[in-house]
Amino acid sequence: MDLLTRRPRGTNDVLPGESPRWLHIEDRIRDVCGRFGFSEIRTPIFEHADLYTRTSGETSDILEKETYTFQDRGRRMLTLRPEGTPGVARAFLENGLGSGPMPAKYYYLGPMFRYDRPQAGRYRQHTQFGVEIIGAPGPEADFEVIMIAVTFLRDLGLGSLAVHLNSIGCPACRPTYREALVSHYRAAQEELCEDCRRRLERNPLRLLDCKNPRCQPLKDAAPRSVNYLCPECQSHFRALEGLLDRFGIEHHIDLTLVRGLDYYTRTVFELIYHGLGAQGAVCGGGRYDGLIEAIGGPPTPGVGYGMGLERVLLTLEREGMHPPSTRGTDIAVLSAAGEEHPELRLQTLDLVYAMRWAGLAAETDYAGRGLRQQMRWADRIGARLVTVVGSEEIASGQVKVKDMAGGTETQVPLAELVARVSEMVRGPRT
RNA sequence: GUGGAUGUAGCUCAAUUGGUUAGAGCGUCGGACUGUGGCUCCGAAGGCUGGGGGUUCGAGACCCCUCAUUCACCCCA
């Protein structure tokens with residue numbers, strides 16, 4: 001019934017009070033991406049449903065149960081994007097971006113959609129900041145992707161991070177590992193929890209994700225993917241670790257880290273923020289050397305991540321960090337006109353617009369309230385300066401400008417008001 | 001999808017074993033001070049107690065359903 005006045009489940013309004021936090025982190029994103037040489041790419045919020053089924057794999061119930069998929073009026077099956085990477089890969093191919101300078105380095109920022117049960121920092125519409133490097137096969141690209149995330153979070157003041165890292169091999173070596181894993185688990189099939197039995201059949205790598213105590217002994221004894229890597233995958237992984245060491249980035253090899261999407265190869269990683277428990281993972285990504293080929297392009301390596309910004313925001317709040325204050329009102333122009341002096345009111349508006357066109361943040365209350373109330377209002381909105389325009393001022397050509405913080409008033413010729421206020425706000429020119 | 005907790009004014013919270021007309025602080029608007037803010041005092045607006053059903057003479061409170069939030073799972077893009 002009051003569906004009309006309630007937002008859909010798992011969505012959020014960003015209210016004016018919250019907006020400066022978003023502006024701040026968006027600002028930091030654009031800055032760090034510029035420094036790292038990443039350009040923004042904007043792709044549609046919906047894509048053909050096939051794009052995601054083709055890339056993310058059939059094993060995950062992600063796509064069947066957790067996407068917003070619908071048919072449009074032209075009977076196309078479309079999906080609200082659940083993540084950024086497939087859309088970027090598609091745009092890369094469709095627009096022939098491979099003929100530009102390689103590797104291609106992109107970042108994106110925007111809403112993603114997933115149909116699951118909301119929790120704090122986890123919503124049906126959430127905002128992701130992601131980066132992709134396409135066309136760079138070596139470990140330096142993996143490193144750069146991790147570093148841009150680490151640098152961004154450090155810039156925000158969230159330095160207390162650890163990189164959790166693993167390598168899940170490539171099409172050459174992963175099958176061997178998968179077999180080893182399956183035979184290890186098959187031997188003890190009866191002891192497994194229900195979920196794990198299903199995983200064993202459908203997606204064996206996920207066995208390592210199980211938190212059921214019953215499966216722990218078996219999991220602890222399970223073969224490790226890093227021991228099954230082919231020489232190429234192994235040296236790639238070692239080199240990445242070496243780079244992280246060299247730059248003093250805290251990292252742990254997490255042998256149970258197996259990301260959910262089928263397209264990952266070699267490196268997978270997560271960034272964990274210390275002391276946040278289940279909400280600690282702020283960022284996850286990895287290498288996807290087979291993805292572009294899977295959607296019909298030439299074999300092209302890629303690596304990237306997605307970062308959930310609501311979770312970053314939540315972390316900032318829990319750490320008591322505040323965004324820098326935004327520009328407020330420079331001057332409130334109060335009107336002593338009242339309703340019976342329309343001409344005076346118009347002269348007040350003349351002044352307000354002259355100030356705005358000169359670059360000042362000028363505000364005026366809509367006429368009608370008493371001066372006391374207007375003053376109170378100017379105080380509430382945080383105006384730095386206040387001036388009053390009335391018949392006395394117009395007649396004498398002199399207005400007073402009051403500094404709200406100190407309470408001091410300065411007499412200023414009306415003709416010079418805009419210039420003088422600009423000086424007071426910006427500091428005198430030298 | 002599974003289990004637990006919680007829903008009272010814009011916000012934070014009250015309301016005796018189930019008992020008259022659901023209160024306070026903050027915020028908003030207005031007045032004291034009708035041409036000067038912050039402090040103080042006064043006043044007003046603002047509620048189908050999330051929604052629906054049930055028990056009862058009587059429900060904000062108890063029961064059922066539903067919606068939403070939240071925590072832990074599941075999953076993690």
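Predicted, not measured: the structure shown is a model, and the values here were computed from it.
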Exercise. When we call it a touch if two heavy atoms are under 4.0 Å apart, what does A:Gln128 touch: a base, just sugar-phosphate, or nothing?
Worked result: sugar-phosphate

For this session: State yes or no: are the ring centers of A:Phe129 and A:Phe152 separated by less than 6.0 Å?
Result: yes

Exercise. So, are A:Arg42 and A:Glu40 salt-bridged, with charged N and O less than 4.0 Å apart?
Worked result: yes

Exercise. Are A:Tyr107 and A:Phe38 close enough that their ring centres sit under 6.0 Å apart?
Worked result: no

Problem set entry | Salt bridge A:Lys400-A:Glu393, side-chain N to carboxylate O under 4.0 Å | no

Problem set entry | Base paired to B:C76 (Watson-Crick or G-U; both N/O distances under 3.5 angstrom) | none

For this session: Tell me which of A:Trp377 and A:Gly285 sits closer to the 5' end of RNA chain B, going by the nucleotide each one is nearest to.
Result: A:Trp377

Exercise. Does the pair A:Asp13/A:Arg7 count as a salt bridge with the N-to-O cut at 4.0 Å?
Worked result: yes

Problem set entry | Paired nucleotide for B:C62 [Watson-Crick or G-U wobble; both distances under 3.5 Å] | B:G54

Exercise. Which one, B:G37, B:C73, B:U36, comes nearest to the side chain of A:Leu371?
Worked result: B:U36

Exercise. Are the charged groups of A:Asp142 and A:Arg287 less than 4.0 angstrom apart, N to O?
Worked result: yes

For this session: Report yes if a side-chain nitrogen or oxygen of A:Arg114 is closer than 4.0 Å to either non-bridging phosphate oxygen (OP1 or OP2) of B:C76; otherwise report no.
Result: no

Exercise. To the nearest angstrom, how far is A:Asp365 atom CG from B:U36 atom C1'?
Worked result: 14 Å

For this session: Looking at every strand, decide which applies to A:Glu393 at a 4.0 Å heavy-atom threshold: base, sugar-phosphate, or nothing.
Result: base

Seminar exercise, completed: In whole angstroms, the gap separating C1' of B:U36 from CG of A:Leu385 amounts to 15 Å

Problem set entry | Side-chain ion pair, A:Asp31 and A:Arg28, N-O less than 4.0 Å | yes

Seminar exercise, completed: Per nearest nucleotide of RNA chain B, the residue lying toward the 5' end, A:Glu392 or A:Tyr123, is A:Glu392

Exercise. From B:C67, B:G35, B:U36, pick the nucleotide closest to the side chain of A:Glu409?
Worked result: B:U36

For this session: Tell me what A:Ser391 touches on the nucleic acid: a base, only sugar-phosphate, or nothing, going by heavy atoms under 4.0 Å.
Result: base

Exercise. Do any side-chain nitrogens or oxygens of A:Arg376 fall under 4.0 Å of OP1 or OP2 in B:G38?
Worked result: yes

Problem set entry | Base partner of B:U36, which must satisfy Watson-Crick or wobble distances under 3.5 Å | none

Problem set entry | A:Lys400 side-chain proximity, nearest of B:C75, B:G37, B:U36 | B:U36

Problem set entry | Whole-Å gap separating P (B:U70) and CG (A:Asn12) | 8 Å

For this session: Just call it for A:Gly10: base, sugar-phosphate, or nothing, with non-hydrogen atoms closer than 4.0 Å on any strand.
Result: sugar-phosphate

For this session: Assess whether one donor atom and one acceptor atom, taken from the side chain of A:Gln373 and the base of B:G37, lie less than 3.5 Å apart.
Result: no

Problem set entry | Base-pairing assignment for B:U20 (Watson-Crick or G-U wobble, both under 3.5 Å) | none

Exercise. For the pair made of CG in A:Leu334 and P in B:U34, what is the distance, rounded to whole Å?
Worked result: 15 Å

For this session: Classify the side chain of A:Arg117 versus the base of B:G3 as yes if they form a donor-acceptor pair under 3.5 Å and no if they do not.
Result: yes

For this session: Using a 4.0 Å heavy-atom cut-off across all strands, classify A:Gly130 as base, sugar-phosphate, or nothing.
Result: nothing

For this session: Compare the minimum distances between each of B:G37, B:C71, B:U69 and the side chain of A:Gln119, then state the nucleotide with the smallest one.
Result: B:C71

Exercise. For B:G27, does OP1 or OP2 lie under 4.0 Å from any side-chain N or O of A:Arg380?
Worked result: no

Exercise. Base, sugar-phosphate, or nothing: which does A:Met112 touch, judged by heavy atoms less than 4.0 Å apart?
Worked result: nothing

Exercise. Does B:A44 have a Watson-Crick or wobble partner in any strand here, with both distances under 3.5 angstrom, and which is it?
Worked result: B:U28

For this session: Determine which nucleotide pairs with B:A68, using a 3.5 Å limit on both distances of a Watson-Crick or G-U wobble pair.
Result: B:U6

For this session: In whole angstrom, give the distance that lies between atom CG of A:Leu257 and atom P of B:C75.
Result: 14 Å

